[in-house]
Amino acid sequence: MDAGAVRRALRRIAHEIIERNPQPESVVLAGIPSRGVEIARRIAAFIRQIAKKDVSTGVIDVAMHRDDVGTRKELPVVRASKLPVPLEDRTVVIVDDVLYTGRTVRAAMDAINSFGRPARIQLAVLVDRGHRELPIRPDYVGKNLPTATGEQIQVRLQETDNEPDAVWLERE
Amino acid sequence: MSTRWTRKDLLGLRELSGDEINFVLETTDAFKQVGTREIKKVPALRGKTLVNFFVEPSTRTRTSFELAAFRLSADVINISATTSSLTKGETLKDTARNLEALHADIIVLRHSSAGAPQFLANRLKASVINAGDGAHEHPTQGLLDLYTIRQRRGKIAGLHVAIIGDILFSRVARSNIFGLLKLGARVTLVGPSTLVPREFEKLGVEVSHRIEDVLPRTDVVNLLRIQHERQRREYFPGLGEYIRLFGLTKERAKLLKQDCLIMHPGPINRGVEIDSEVADGLQSVILDQVTNGLAVRMAVLYLCGGIAT
C-alpha cells in the first residue's frame, strides 16, 4: 500500500464507523501507541470532515495488561493511557496498525474496562494479517493481507516514522 | 530517548545512566495515570510474589511499596527485623535463600548496612530493590524527588537545587545528588561543616555553610530530616543551634524565589529543619512527593519485576 491507498482505506473506515454509529459524538477512537494513536487521529479527522460532527480520541497503552510479563529480556517504555470519562454511554473503537494474534486487543479491552464500562467496544485496524490466537475479529479493516507465520508486515507512517506512508509484506 | 529497560535490580542511581533515569520517569507518568482510573489496579505483576524485607524500621516507604505492589496485582509478604530470624542469628544470606526457596520474585530490602542489597542481588535470581541501605543510597526516594521537580517545573536540566541538612549520613542526599547531576541540574549542599564536609565537592556539587547565601539563588530546596537516631554528639551542634543556623524558618523562607519548590522526604520534624507554616505553605510539594512515590515505585517494580531473569 502506498500513501494514497492508506488514505483511501482510512477514509473508508471513517465512513463505515459513521454508518455503524449514527452519533459519532459518542464514539471514542482509542489508539494503541504509537501508530494506532496516529491512525486514530487521522480517522477522527476524516469523520469530522465527512459527518461535520466532533469525535473524541484517546490513547490506550496495553503494556501493563499484557499476558507475557516476565518473559522478555528488555521492556519498552509504557505510555500514559488517556480516555475521556465516563465511558458508560460511549462506543470505544480500539485502533491499531496491524491485527495479528489478537493478544494486544485482548489486553486493550482489559485496560479499557479499568476506566469504566463502555456501551460497546469495536475494533479498527489498518491491516489484518490473520493467525488469530484468540476469538477476536475486527469490525473495520483497511486491508486483508493473508500472510505466512514467518512473514512480517511493515508499516510506516509519516508522523511516527518520519517516512512516507507505506505498508508492505516482508519475507525473511 | 530510545533506550529499553534491561535491569532486574535497582540498587542505586549512581550506576544508572541519565537515559535510564529518564526512562523510569516516563514510565512513572503511565503508572500515575493508573491512579486516576475507576479501577486503580493493573494485572502487570499478577502471580508474582514480593517480599518487603525491612531490617530497619520504616512506615512510609514500606507502605508505599506495599500499595504499589497491590496496584500491580502482586502478592506481598512483609518481614521486619523483629519478626525475622535475623534476631535468632540467621545471616542475611540464609534469610534471603529461604525467601528464594519460597519462590519470591521481588525482594524490597531496607537495611542498616550499605551494600546489603548489592550483596543479595549478586546471589539471587529474584529482583532486588534497594529501599535504603545505611548511608549509601535510597534510589526510589531520589527518583520520586526528580519526578516531583520535573512535574512542577517541566524539566530538571539547568535548575539549581539546594539540599540542606545532614548530608553526611543521608542516603536520600546521595541518591538525589547522583540523579540531579546526571540530568543536568546544579546542586548546592548546605549544612554545618561537620555534616557537609568539603569532600563532597569532588562529586561535582557546591558546598555552603551559610544558608542565607544560598536560599535566594535556588529553584528547589530539599530539606533532609535531622536523624536524631543517628546523630552523634561530635557531629551535631545541638537542636537549638541547628535551628538558629540552618532551620527553614518563616523569616528565612522570605529569601526564597516565589516559584522555589520546598521538598522534604519526611517524616518532618516540625520546628526543627522546617517551620510548620512553611511546610504547609503554597511552595511546599511535600505531599506531592508522597503521591508521586507510589507511582515511581509502581514503575520500578513493573520494570525490574517484569524482566525475564
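Residue numbers begin at 1 in each chain, while the letters A, B, ... track the order of the sequences. All values below were derived from every heavy atom in this structure, side-chain atoms included, with hydrogens, water molecules and symmetry-related copies excluded. All values derive from a computational prediction rather than experimental measurement.
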Give the member of A:A107, A:S114, A:P86 that has the highest number of heavy-atom pairs under 4.5 Å with chain B.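 If we count pairs closer than 4.5 Å to chain B, A:S114 comes out on top.
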
Using a cut-off of under 4.5 Å for heavy-atom pairs, which of A:N113, A:L75, A:V78 has the most such pairs with chain B? A:L75

Do the side chains of B:R174 and B:R14 get nearer than 4.5 Å, heavy atoms only? no

State, with a plain yes or no, whether a side-chain heavy atom of A:I121 is found less than 4.5 Å away from one of A:P118.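 In contact.
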
With only heavy atoms counted, which part of [X] is less than 4.5 Å from chain A, the side chain, the backbone, both or neither?
X     : value
B:Q33 : side chain
B:V34 : side chain
B:K48 : side chain

Given the rule in the side-chain hydrogen bond (donor to acceptor under 3.5 Å, both in side chains) test, do B:D133 and B:H111 qualify, once you have shown the distances and angles that lead to the verdict? CA-CA 5 Å; B:D133 59 335; B:H111 202 281; over 6 Å; no

Contact origin within [X] toward chain B - heavy atom pairs under 4.5 Å:
X     : value
A:A63 : both
A:D68 : neither
A:S81 : both

Find out whether the Lys NZ or Arg CZ of A:R129 is both under 6.0 angstrom from the six-membered ring centre of A:Y100 and within 45° of the ring's axis. yes

Residues B:R110, B:N52; criterion side-chain contact (heavy atoms from CB on, under 4.5 Å); working and verdict: CA-CA 8 Å; B:R110 158 74 58 98; B:N52 251 335; over 6 Å; no

Determine whether B:C260 and B:Q283 satisfy the following criterion, side-chain contact (heavy atoms from CB on, under 4.5 Å), listing intermediate values before the conclusion. CA-CA 7 Å; B:C260 178; B:Q283 288 172 278; 3.8 Å; yes

